[in-house]
Amino acid sequence: MIYADNAATTKLDIDAFETMKPYLLEQYGNPSQSYSFSRTVKKALNDARTTIAECIGALPEEIFFTSGGTESDNWAVKGSFTQNRDEVITSLIEHHAILRACDAAKRNGKKVHLLDVDQQGIVSLSELERFITDKTALVSVMYANNEIGTIEPIKEIAGISHEYGTIMHTDAVQAIGHVPINVNELGVDLLSASAHKFNGPRGIGFFYIRKGTDIKPLMDGGGQERKMRAGTENVAAAVGMAVALRKNCNQLSKTQKRLCNIEKKFIEVLDKNSLEYIRNGATDRIPGNISLSIKNMNGEMLMHRLDLKGISVSTGAACNSGETEISHVIKAISVPENYAKGTIRISFGKDNTEDDAIIIANEIAAIIARR
Ligand code: PLP
């Protein structure tokens, strides 16, 4: 089996798993209790918070544990509106966690503006400048797109947002642990992350809230996470997430180099077979992400044929798989229809090898030749 769908989820890191085990079996105290049995657990949770903060240049008190990217994105959208600010600006190519949270906001009477992107998937800064006002509560633009890997000009977007006193959020789910991220260099106020995209466990993530940012809690309940996120914390998962993030960040440049070589090999083999395809996304993109739109192909069929050979890739975003229609991202970047229908996403991760790339590229070529 070759797994090449790392943008959908990644394999749990073994060190992360080993670190989690005691917090599942022996250290099961509730971190909110003050007796000694819970003290080790509370310390582990706060150590995990500190590690995560260090990895992104934040303060530990700016990190809040959530159930993942979807919750963090919902929190950003739903928590930012104020009496005087009832508008959100985001982009056409955001993940559905943002787009559907914006739909919900719209149903509650808020205004939503979706920024256009160019053919590489880069958001229009001039459009942002045209639409932002002092009524804009939030600008939310993803750090890197999950389908095509394009990295957005977040620093510039944060700069424009702050000129209007607007909160700037970035969904960095695809980027954290894959490219260096420092919240202060970027100037963002809010950031979403999800552990299972960087070899941590599924069902946990974090939300970065810059100190002083005016945002309301999403959940009502107990006083956990400094009264900002109710619900007993998933300590084992938080600890595993911190180990995975630290490890990925320590190996970042080495992994990037490896993935760059794997990508090169993959494209080399495709080109040797003279395939007619468009490689989607900007040149500045997440390492290992290859979105291809192949002429006169059916992406869904290609995915299933590769599956029969034991190869896992995606036709679009994982959350959408099963849908055969052209994804909102591929539509937004205006891929011609006879190419768009043949879109697949291969996303290599740190466990993949150049041999994997050669095998997948040759299989794609063979399937197309047999068509
Ligand atoms: N945002 C982006 C860009 C994603 O790629 C994903 C997952 O595919 C999410 C948000 C949702 O994250 P989670 O699966 O942790 O809810």
Side-chain angles (χ1 to χ4, degrees), residues 3-12 16 52 63-78 90-104 114 117 121-123 138 140-152 154 157 169-179 181 188 190-208 218-219 229 231 234 237-238 240-241 244-245 248 280-282 285-291 312-323 327-330 332-333 345-347 349:
Y3 182 76
D5 198 17
N6 289 276
T9 198
T10 55
K11 183 176 170 182
L12 180 62
I52 289 164
I63 303 297
F64 296 83
F65 295 114
T66 65
S67 61
T70 301
E71 183 187 329
S72 300
D73 284 352
N74 270 268
W75 191 353
V77 173
K78 294 169 183 171
T90 184
S91 85
L92 274 172
I93 62 164
E94 298 299 308
H95 190 269
H96 284 124
I98 287 289
L99 293 176
R100 295 201 172 134
C102 285
D103 288 344
L114 301 180
V117 295
I122 299 171
V123 297
L138 181 78
S140 177
V141 175
M142 65 204 322
Y143 190 99
N145 183 267
N146 47 305
E147 293 191 40
I148 57 175
T150 295
I151 293 178
E152 301 294 344
I154 298 302
I157 296 169
H169 167 249
T170 190
D171 171 345
V173 165
Q174 290 290 332
I176 292 275
H178 300 281
V179 291
I181 295 221
V188 296
L190 306 171
L191 175 146
S192 303
S194 178
H196 73 101
K197 308 287 187 179
F198 53 78
N199 305 94
R202 276 158 285 281
I204 182 128
F206 66 88
F207 192 45
Y208 159 79
L218 180 67
M219 310 278 221
R229 199 280 188 176
N234 187 345
M241 169 163 67
L245 183 58
N248 269 25
N280 300 311
R285 61 166 99 77
I286 290 298
N289 180 304
I290 302 175
S291 168
S312 306
V313 302
S314 176
T315 48
C319 318
N320 300 341
S321 48
E323 285 180 22
S327 83
H328 67 292
V329 177
I330 300 300
I333 60 170
R345 179 190 66 188
I346 298 110
S347 47

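First listed ligand is number 1; within each ligand, the first listed atom is number 1.
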*Yes or no on side chain to side chain contact (heavy atoms under 4.5 Å, CB included) for Phe206 and Leu245, after CA distance, side-chain angles and deciding distance?*
CA-CA 11 Å; Phe206 66 88; Leu245 183 58; 4.2 Å; yes
*Search all heavy atoms of Tyr143 against all heavy atoms of Ala175 and return the closest pair with its distance.*
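It is CD2-CB, 3.3 Å.
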_Heavy-atom nearest option to atom 2 (C) of ligand 1, drawn from Ile93, Asp171, Asn146_ =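 Selected option, by shortest heavy-atom distance: Asp171.
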*Heteroatom proximity flag, Ser67 to ligand 1, N/O under 3.5 Å*: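 N/O-N/O distance under 3.5 Å: no.
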*Would one find an N or O of Gly69, backbone or side chain, under 3.5 Å from an N or O of ligand 1?*
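Indeed, backbone or side chain, Gly69 has an N or O that close.
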*Just checking, any donor-acceptor pair under 3.5 angstrom between side chains of Asp73 and Ser192?*
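On atom types as modelled, these side chains qualify, holding a pair under 3.5 Å.
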*Looking just at side-chain N and O atoms, do Glu147 and Ser327 make a donor-acceptor pair shorter than 3.5 Å?*
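A donor-acceptor contact under 3.5 Å links the two side chains.
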_Structural part of Arg202 in contact with ligand 1, heavy atom criterion under 4.0 angstrom_ =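 No part of Arg202 is near ligand 1 at this cut-off.
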*Quickly, which of Asp5, Asn289, Asn146 forms a side-chain hydrogen bond (donor to acceptor under 3.5 Å, both in side chains) with Arg345? Name it, please.*
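One option only clears the test, and that one is Asp5.
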*Mind checking whether His196 has a heavy atom under 4.0 Å from ligand 1?*
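Yes; His196 lies near enough to ligand 1 that a heavy-atom distance drops under 4.0 Å.
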_Measuring from non-hydrogen atoms of Glu94 to any atom of ligand 1, is the shortest distance under 4.0 Å?_
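Contact absent.
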Can you sort out which atoms of ligand 1 are near [X], meaning under 4.0 Å from one of its heavy atoms?
X      : answer
Asp73  : 1 (N), 10 (C)
Met142 : 3 (C)
Gly68  : 15 (O)
Ser194 : 13 (P), 15 (O)

*Val173 and His95, any side-chain heavy atoms less than 4.5 Å apart*: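 Counting from C-beta outward, His95 and Val173 never come under 4.5 Å.
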*Go through the steps to decide whether Leu190 and Leu138 satisfy the test side chain to side chain contact (heavy atoms under 4.5 Å, CB included), and finish with yes or no.*
CA-CA 10 Å; Leu190 306 171; Leu138 181 78; 4.0 Å; yes
